[in-house]
Amino acid sequence: MSNKTNTQKTLIMAQIGVLSALITVMTFVPYVGYISYGGLSITLLHIPVIIGAIVMGPKWGSVLGGVWGVTCILKAVLAPPTPLEGIIFRNPIIALIPRILVGLVAGLLFKYFNKGLINTSISLGFTAAFATAVNTALVMGGIYLFYSEEVGISTISFGGLTKFILAAFGMNAVLEIIICIILTIPICNALRKIKTKV
């Protein structure tokens with residue numbers, strides 16, 4: 001195994017460690033990873049997952065998504081941002097699976113977009129936007145599936161409140177996409193330059 005391969009593996013392990021620590025800190029420090037308002041929160045935790053997936057690939061993006069999902073469940077159990085989210089995000093189908101898929105999708109999308117078809121920054125923007133939308137769509141779908149009285153298969157039902165929750169998450173998605181695009185493009189461009197020099 002060459003020194004370059006060893007150096008690249010060491011760099012990936014360091015990046016995974018730093019991003020996992022960042023996700024954990026952002027989860028549990030108030031108003032850093034989750035910005036609460038009313039009964040819900042805007043999340044910024046998709047950003048390190050998407051950045052990691054773009055820089056290191058879909059496999060490691062999935063790992064980071066898993067870290068986000070596990071910390072999300074722990075947050076819902078130990079210190080939920082709001083009582084409503086304490087109920088919703090204890091469910092691993094809502095809290096864990098979408099987060100893993102965000103990392104996977106972001107890594108795969110960037111590989112696809114970055115085949116020289118379009119400018120790198122545009123590829124980063126599309127990846128950030130679409131991966132964020134995947135998280136929102138899967139979380140909203142899970143909320144509707146498990147907590148809407150129309151479905152009638154859950155032990156807890158928010159009834160008519162479900163429509164309000166879904167609308168709020170939809171509005172959150174717009175802000176989350178915009179913030180993710182603004183931060184992902186310059187950060188990933190910088191990190192990818194470092195990676196190519198190693």
Scanning both residues in full, the closest heavy-atom pair of Pro58 with Lys111 reads CD-CE, 4.0 Å
Please tell me whether Val18 and Val49 are part of a single hydrophobic cluster in this structure, the criterion being side-chain heavy atoms less than 4.5 Å apart. no
From Tyr112 atom OH to Phe126 atom CZ, the distance as rounded to the nearest 0.5 Å: 11.0 Å
Let me confirm one number: the CD1-CD1 distance from Ile47 to Ile187, rounded to the nearest 0.5 Å. 7.5 Å
Short question: side chain of Glu176, backbone of Ile42 - any donor-acceptor pair under 3.5 Å? no
Out of curiosity, does Val174 fall in the hydrophobic cluster containing Tyr34 (side-chain heavy atoms, cut-off under 4.5 Å, transitive links)? no
Give the C-alpha distance, both sets of side-chain angles, the deciding distance and a yes or no for side chain to side chain contact (heavy atoms under 4.5 Å, CB included) between Arg90 and Ile73. CA-CA 5 Å; Arg90 291 183 189 211; Ile73 293 169; 5.5 Å; no
May I have the step-by-step check of side chain to side chain contact (heavy atoms under 4.5 Å, CB included) for Leu138 and Ile97, ending in yes or no? CA-CA 9 Å; Leu138 292 175; Ile97 293 173; 5.7 Å; no
List the steps, then state whether side chain to side chain contact (heavy atoms under 4.5 Å, CB included) holds for Ile50 with Cys180. CA-CA 9 Å; Ile50 291 170; Cys180 189; 3.7 Å; yes
To the nearest 0.5 angstrom, please state how far the CG atom of Leu19 sits from the CG atom of Leu191. 8.0 Å
Where Leu64 and Met56 come nearest, the two heavy atoms and their spacing: CD1-CE, 4.0 Å
How close do Cys72 and Ala95 get, heavy atom to heavy atom, and via which atoms? SG-CB, 3.9 Å
Interatomic distance, CD1@Ile177 vs CZ@Phe130, rounded to 0.5 Å, equals 10.0 Å
Between Ser62 and Leu104, what is the shortest heavy-atom contact and its length? OG-CB, 3.3 Å
Has Ser20 got a side-chain atom pairing as donor or acceptor with Gly17's backbone, closer than 3.5 angstrom? no
Identify the heavy atoms of Val55 and Cys188 that sit nearest to each other, and give their distance. CG2-SG, 4.3 Å
Could you tell me whether Phe28 atom CZ has more than 12 heavy atoms of other residues or ligands within 6.0 Å of it? yes
Any donor-acceptor N/O pair, Lys75 side chain to Thr27 backbone, under 3.5 Å: yes
Between CD1 on residue Ile143 and CD1 on residue Ile87, distance to nearest 0.5 Å: 11.5 Å
Begin from the C-alpha positions of Thr136 and Asn172 and carry the test side chain to side chain contact (heavy atoms under 4.5 Å, CB included) through to its verdict. CA-CA 9 Å; Thr136 302; Asn172 286 2; over 6 Å; no
Ignoring hydrogens and geometry, is there a side-chain-to-backbone donor-acceptor pair from Thr127 to Ala106 under 3.5 Å? no
What verdict does the side-chain hydrogen bond (donor to acceptor under 3.5 Å, both in side chains) test give for Ser121 and Asn189, after you've listed the backbone C-alpha separation in whole Å, the side-chain angles of each residue and the deciding distance to 0.1 Å? CA-CA 8 Å; Ser121 291; Asn189 276 328; 3.3 Å; yes
Quick one: CG on Leu44 to CE on Met26, what's the gap to the nearest 0.5 Å? 5.0 Å
Considering all heavy atoms of both residues, which atom of Ile93 and which atom of Asn91 are nearest to each other, and what is their separation? N-OD1, 2.9 Å
Taking Phe110's backbone N and O only, do any of them form a donor-acceptor pair with Asn114's side chain (distance below 3.5 Å, no angle check)? no
